[in-house]
Amino acid sequence: MNRIIQIISFIIISFSIFNISDANAARRTISSIMIDAETGTVLYSSNADERRAPASLTKMMTLYITFNALDKGIIKMEDMLPVSRTAANRSPSKLGLKIGEKIKVRDAIMALIVKSANDCATVLAEGLGYSEEKFAQTMTQVAKELGMKNTTFKNASGLPNRHQKSTARDMAVLGAAIYHHYPQYYKLFSTKKFTYNGRTYYTHNHLLKSFSGADGLKTGFTNAAGYNIVTSAERDGNRVIAVTMGHNTIKERDKQIANMMNKGLKKLALADNIPTPNLYAQTTNSGNSKKLLAEKNWGVQVGAFSNYAKARNYALSIRQQVNMSSVRNSIVDIEPTNKGAAIVYRSKLIGFEKNEADKTCNRLKKTNKSCIVVEVIENKQLAMADKK
């Protein structure tokens with residue numbers, strides 16, 4: 001009789017869990033966005049600013065901060081990091097690290113990318129000199145500096161926390177930041193398998209095998225979040241970064257993201273085949289026709305800042321303040337550059353002819369704003385910089 005009661009109780013509990021899960025699925029909407037990785041142009045968007053649980057997409061920020069530490073020499077790939085009780089007790093998915101053992105930074109990174117190991121996320125957070133709570137505060141601060149306006153992190157892994165929220169747009173910003181700021185580490189996201197202590201783990205990102213040109217980034221799932229993914233693909237010199245969040249199944253999620261990226265890459269390829277207008281077609285000097293749009297390769301640098309968000313916001317404010325059509329049509333360009341051990345973000349408005357750039361800078365100087373006119377050799381704009 002006791003055994004029957006136990007079975008019935010289990011069935012009732014299981015039924016309740018499934019009902020809750022089904023109810024969560026029924027309430028969920030889908031959030032998606034796709035951008036041109038090089039320009040930040042939004043190619044598709046649906047509910048992109050809806051705040052929701054990011055699940056293991058959170059680990060992208062843990063990795064971004066880790067890459068920054070590697071870049072500055074604070075840690076090295078071969079460094080051994082200790083496993084705390086907190087890390088060892090993290091719930092799956094995990095490597096199953098034991099209290100007191102050590103793991104290489106490189107292995108912890110690969111475990112996050114391929115296995116989505118929660119214990120390794122905590123190891124990295126603590127290995128950078130933080131408690132995980134302090135690390136989450138840093139994650140949120142870095143998010144704000146990158147322009148991720150609607151993101152709050154509470155842990156390094158993405159394990160459920162009702163206060164940990166982000167948006168599809170913010171996750172696209174983070175994916176673009178990793179791609180642009182740390183290309184030497186971005187390539188790790190294309191890894192399909194990873195071996196640790198004799199056991200081989202395989203990626204959760206099936207697009208790496210099924211979608212031509214896909215080479216990263218991260219998947220995520222919790223019952224509350226649904227199935228999420230941030231991924232990127234490149235074909236014929238065009239690259240898109242796509243995000244979709246809140247799906248009920250992996251199959252549904254992967255179908256959505258594949259359709260998005262196929263359409264986005266086709267759109268960019270089509271744009272490549274449209275002839276560039278020749279602004280000098282009617283000139284009597286045929287030699288000038290070779291210039292095409294070269295005269296638009298000028299910009300106005302309006303400042304330099306210690307973080308991306310300040311640089312971007314200042315350029316946007318300048319563009320709004322100056323009542324000139326050439327300024328309203330300009331593009332915000334944020335150029336990260338090394339200055340000693342620090343990164344400085346140069347804040348620019350670009351897309352001017354030389355005389356337009358001179359006039360703009362002169363106008364700014366009359367209002368006591370500093371600026372310099374610069375020639376734009378190559379636009380390395382961080383994706384999303386031009387979006388309000």
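When reading the values below, keep in mind they use all heavy atoms of this one structure, side chains included, and skip hydrogens, waters and symmetry mates.
The two residues Ser45 and Arg169 come nearest to each other via the heavy atoms OG-NH2, 4.2 Å. Among all heavy-atom pairs drawn from Ser232 and Arg239, the shortest one is OG-NH1, 2.8 Å. Nearest heavy atom pair, residue Leu265 against residue Asn238, reads CD2-O, 3.6 Å. Of all non-hydrogen atoms in Met261 and Ala242, the two that sit nearest each other are CG-CB, 3.8 Å. What you find for Ile99 and Ala88 is that their closest heavy atoms are CG1-CB, 3.6 Å. For Ala53 against Lys165, the heavy-atom pair with the smallest separation is N-CD, 4.1 Å.
More than 12 heavy-atom neighbours from other residues, nucleotides or ligands sit within 6.0 angstrom of CZ on Arg328. With a 6.0 Å radius and a threshold of 12 heavy atoms from other residues, nucleotides or ligands, Lys144 has its NZ atom above the threshold. Heavy atoms of other residues, nucleotides or ligands lying less than 6.0 angstrom from NZ of Lys115 number more than 12. Under a cut-off of 6.0 angstrom, the local environment of CD in Glu101 is crowded, with over 12 non-hydrogen atoms contributed by other residues, nucleotides or ligands.
The backbone N or O of Gly246 lies less than 3.5 Å from a partner atom in the side chain of Asn228, making a donor-acceptor pair. Here the side chain of Thr203 pairs a donor or acceptor atom with the backbone of Asn205 at under 3.5 angstrom. Of the possible donor and acceptor atoms, one in the side chain of Asn155 sits under 3.5 Å from a partner among the backbone N and O of Leu159. At least one donor-acceptor pair under 3.5 Å links the side chain of Thr62 to the backbone N or O of Ala156. In this structure, Arg52 contributes its side chain and Thr29 its backbone to a donor-acceptor pair below 3.5 Å. Between the side chain of Asn118 and the backbone N or O of Ser91, at least one donor-acceptor pair lies under 3.5 Å. At least one donor-acceptor pair under 3.5 Å links the side chain of Asp119 to the backbone N or O of Leu97. Distance alone, capped at 3.5 Å, is enough to place a donor-acceptor pair between the Arg319 side chain and the Ser330 backbone. When atom types are taken as modelled, the side chain of Ser347 and the backbone of Val302 share no donor-acceptor pair closer than 3.5 angstrom. The main-chain N or O of Asn150 is found under 3.5 Å from a side-chain atom of Arg51 such that the two form a donor-acceptor pair.
One distance of note links CG of Leu217 with CG of Leu57; it measures 9.5 Å at 0.5 Å rounding. Distance OG1/Thr367 to CG/Asn362: 11.0 Å, rounded to 0.5 Å. Ser32 OG to His247 NE2: the interatomic distance, rounded to the nearest 0.5 Å, is 5.0 Å. Separation of atoms OG1 (Thr58) and CG (Leu174) is listed at 9.5 Å; rounding is to 0.5 Å. Within the model, atoms CG of Leu63 and CG of Leu70 stand 10.0 Å from one another, a figure rounded to the nearest 0.5 Å. Considering NZ of Lys218 and CE of Met60, their distance stands at 9.5 Å, rounded to 0.5 Å.
Counting heavy atoms from C-beta outward, Asp254 and Leu207 have side chains that approach closer than 4.5 Å. With a 4.5 Å cut-off on side-chain heavy atoms, Tyr44 and Ile33 do not count as touching. In this structure, Val123 and Ile103 have side chains that are in contact, with non-hydrogen atoms separated by less than 4.5 Å.
Checked against Tyr182 for a side chain to side chain donor-acceptor pair (under 3.5 Å), the options Asp71, Thr66, Asn68 give a single hit: Asn68.
Donor-acceptor pairing under 3.5 Å is lacking for the side chains of Thr152 and Gln164. Between the side chains of Asp170 and Thr151, a donor-acceptor pair is found at a separation under 3.5 Å. When only modelled atom types and interatomic distance are considered, Ser131 and Glu126 share no side-chain donor-acceptor pair under 3.5 Å. In summary, the side chains of Tyr186 and His181 do not present any donor paired with an acceptor at a separation below 3.5 Å, with no hydrogens or angles considered. For the 3.5 Å distance criterion, the side chains of Tyr345 and Glu145 fail to qualify, holding no donor opposite an acceptor. Between Thr195 and Thr200, the side chains place a donor N or O and an acceptor N or O closer than 3.5 Å (distance only, hydrogens not considered).
Ring geometry for Tyr227 against Phe221 counts as parallel: the plane angle stays under 30°, on a 0 to 90° scale with 60° as the upper cut.
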Residue pair Ser56, Lys59: steps toward the side-chain hydrogen bond (donor to acceptor under 3.5 Å, both in side chains) verdict: CA-CA 6 Å; Ser56 284; Lys59 294 182 176 78; 2.8 Å; yes

Step-by-step side-chain contact (heavy atoms from CB on, under 4.5 Å) determination, Val83 to Lys98: CA-CA 7 Å; Val83 179; Lys98 305 300 182 184; over 6 Å; no

Step-by-step side-chain contact (heavy atoms from CB on, under 4.5 Å) determination, Val42 to Met34: CA-CA 6 Å; Val42 177; Met34 177 173 56; over 6 Å; no

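Between Lys359 and Glu353 there is no salt bridge, since no side-chain N of the basic residue sits under 4.0 Å from a carboxylate O of the acidic one. Glu78 and Lys76 are not joined by a salt bridge, as no carboxylate oxygen comes within less than 4.0 angstrom of a charged side-chain nitrogen.
Shown here are the side chain to side chain contact (heavy atoms under 4.5 Å, CB included) partners of Gln321, two or more places apart in sequence or in another chain: Ser317, Ile318, Lys369.
Less than 6.0 angstrom separates the ring centroid of Phe67 from the ring centroid of Tyr185. Aromatic ring centres of Tyr201 and Tyr196 lie farther apart than the 6.0 Å criterion allows.
Cation-pi check for Arg235 over Phe211 is met; the charged atom lies under 6.0 angstrom from the ring centroid and within 45 degrees of its normal.
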